[in-house]
Amino acid sequence: AVSFLVFSSRSSAKLVAPLGCLVSRQKHTLPDLPYDYAALEPHINAEIMQLHHSKHHAAYVNNLNVTEEKYKEALAKGDVTAQVALQPALKFNGGGHINHTIFWTNLSPNGGGEPKGELMEAIKRDFGSFANFKEKLTALSVGVQGSGWGWLGYNKDQGRLQIAACANQDPLQGTTGLVPLLGIDVWEHAYYLQYKNVRPDYLKAIWNVINWENVSSRYTSCKK
């Protein structure tokens with residue numbers, strides 16, 4: 001994910017090394033799901049999962065690879081205008097790949113319930129209670145205008161959890177600096193076939209398949 005530091009507006013110094021890495025980097029590939037397409041039913045049906053993973057995520061991966069090839073050519077030519085023109089496509093397709101790669105692991109047929117241990121203590125500390133956190137992230141995600149994501153992230157500078165909404169496929173860390181722990185996809189392709197335009201019903205259901213072990217593992221890792 002190093003190449004997506006280009007989208008942080010906080011420091012232009014971050015541009016140099018990641019862009020140089022594009023010259024020799026491997027092609028991105030679509031990750032396998034850690035469960036079957038039907039494993040999250042009845043909360044998210046198999047048709048949605050198959051289309052979401054094999055069509056939508058695959059398209060982000062393919063378009064990211066194409067864009068990075070064009071970027072490599074622009075770098076080789078020293079064509080800064082072309083580099084700048086390609087950055088929205090890098091951000092959109094790179095973000096789509098980053099976000100979905102996290103999203104699939106955030107879900108599990110054995111998910112639901114509440115987190116335990118350190119993560120639960122942090123949620124109580126920073127949101128008052130798990131119920132309050134769940135209510136706030138749900139409301140934030142319902143309120144995303146158009147397409148986007150609701151996130152639970154970790155603010156390393158402040159040592160605390162934060163929730164944030166991102167538009168389109170903007171990657172959380174590359175655009176806000178927060179380390180992503182839990183992402184909720186609220187693009188219509190994530191729920192429309194099952195829940196039509198009733199996003200709150202989808203958001204109510206998705207809590208039944210949240211993989212708190214994965215979220216907790218991410219929290220532990222980013223604190224090191």
Side-chain angles (χ1 to χ4, degrees), residues 1-37 39 49-108 147-149 151 153-154 156 166-185 187 189-190 211 213-215 217-224:
V2 289
S3 60
F4 310 113
L5 289 172
V6 295
F7 310 117
S8 171
S9 60
R10 292 177 298 170
S11 172
S12 58
K14 292 181 179 178
L15 294 177
V16 182
L19 296 186
C21 292
L22 289 177
V23 176
S24 60
R25 70 174 297 128
Q26 298 291 314
K27 282 195 177 296
H28 302 279
T29 57
L30 181 68
D32 293 331
L33 289 187
Y35 40 77
D36 294 333
Y37 287 135
M49 292 301 294
Q50 183 173 6
L51 288 169
H52 200 170
H53 176 258
S54 69
K55 301 297 183 184
H56 290 283
H57 190 175
Y60 297 127
V61 171
N62 293 336
N63 291 330
L64 175 59
N65 285 326
V66 169
T67 303
E68 285 194 343
E69 279 300 313
K70 292 178 180 177
Y71 206 106
K72 185 169 70 173
E73 292 171 10
L75 280 173
K77 294 175 183 176
D79 188 344
V80 178
T81 298
Q83 292 170 44
V84 171
L86 287 164
Q87 287 196 19
L90 274 177
K91 184 179 185 181
F92 182 75
N93 294 296
H97 180 39
I98 290 170
N99 294 342
H100 286 87
T101 299
I102 295 168
F103 184 60
W104 307 132
T105 65
N106 278 168
L107 304 177
S108 168
S147 301
W149 292 72
W151 289 97
Y154 180 65
K156 281 197 168 189
C166 289
N168 301 312
Q169 293 297 353
D170 290 5
L172 183 70
Q173 191 164 5
T175 54
T176 70
L178 297 175
V179 180
L181 304 179
L182 169 63
I184 299 179
D185 188 348
W187 279 65
H189 65 232
N211 184 353
E213 287 186 10
N214 178 263
V215 181
S217 176
R218 291 178 179 280
Y219 177 61
T220 302
S221 296
C222 75
K223 286 185 67 185
K224 290 177 181 175

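Start at 1 with the first residue, then count along the sequence.
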Parallel, tilted or perpendicular, as decided by the 30° and 60° cut-offs, for the rings of F103 and H52: tilted

Between CG on residue N63 and CD on residue E68, distance to nearest 0.5 Å: 11.5 Å

Sequence neighbours excluded, every pair satisfying salt bridge (charged side-chain N to carboxylate O under 4.0 Å, His left out) that has a member inside residues 28-37: none

Minimum-distance pair of heavy atoms, taken over all atoms of C222 and L181: SG-CD2, 4.1 Å

Test side chain to side chain contact (heavy atoms under 4.5 Å, CB included) applied to N65 - qualifying residues, sequence neighbours left out: K27, H28, V61

Donor-acceptor contact below 3.5 Å, side chain W187 vs main chain N168: yes

Closest non-hydrogen atom pair between L172 and G153, with its separation: CD2-CA, 4.1 Å

All side-chain hydrogen bond (donor to acceptor under 3.5 Å, both in side chains) counterparts of D170, not counting sequence neighbours: none

Backbone N/O of P171 and side chain of T175: donor-acceptor pair under 3.5 Å: yes

Contacts of K156 that satisfy side-chain hydrogen bond (donor to acceptor under 3.5 Å, both in side chains) - sequence neighbours left out: none

Side-chain touch D79/E73, heavy atoms, less than 4.5 angstrom: no

Pairing residues for V80 by the side chain to side chain contact (heavy atoms under 4.5 Å, CB included) criterion, not counting sequence neighbours: Q83, V84

With sequence neighbours excluded, residues passing salt bridge (charged side-chain N to carboxylate O under 4.0 Å, His left out) with K70: none

side-chain hydrogen bond (donor to acceptor under 3.5 Å, both in side chains) against W151, all qualifying residues, sequence neighbours excluded: none

With Q50 via side chain to side chain contact (heavy atoms under 4.5 Å, CB included) - residues at least two apart: Y37, S54

Verdict with supporting geometry, H53 and L30, side chain to side chain contact (heavy atoms under 4.5 Å, CB included): CA-CA 8 Å; H53 176 258; L30 181 68; 3.6 Å; yes

Mutual orientation of the aromatic rings belonging to H97 and H57 [parallel < 30°, tilted 30-60°, perpendicular > 60°]: tilted

Test side-chain hydrogen bond (donor to acceptor under 3.5 Å, both in side chains) applied to T67 - qualifying residues, sequence neighbours left out: none

Non-hydrogen atoms of A190 and D185 that approach each other most closely: CB-O, 3.7 Å

Sequence-distant partners of Y154, ring pair (Phe, Tyr, Trp, His ring centres under 6.0 Å), two or more places apart: Y219

Spatial distance of atom CG (L33) from atom OG1 (T105) [nearest 0.5 Å]: 10.5 Å

Minimum-distance pair of heavy atoms, taken over all atoms of T176 and C166: CG2-SG, 4.4 Å

H100 and W149 aromatic ring geometry - parallel, tilted or perpendicular at 30°/60° bounds: perpendicular

Residues in side chain to side chain contact (heavy atoms under 4.5 Å, CB included) contact with N106, at least two apart in sequence or another chain: I102, L182, N214, V215, R218

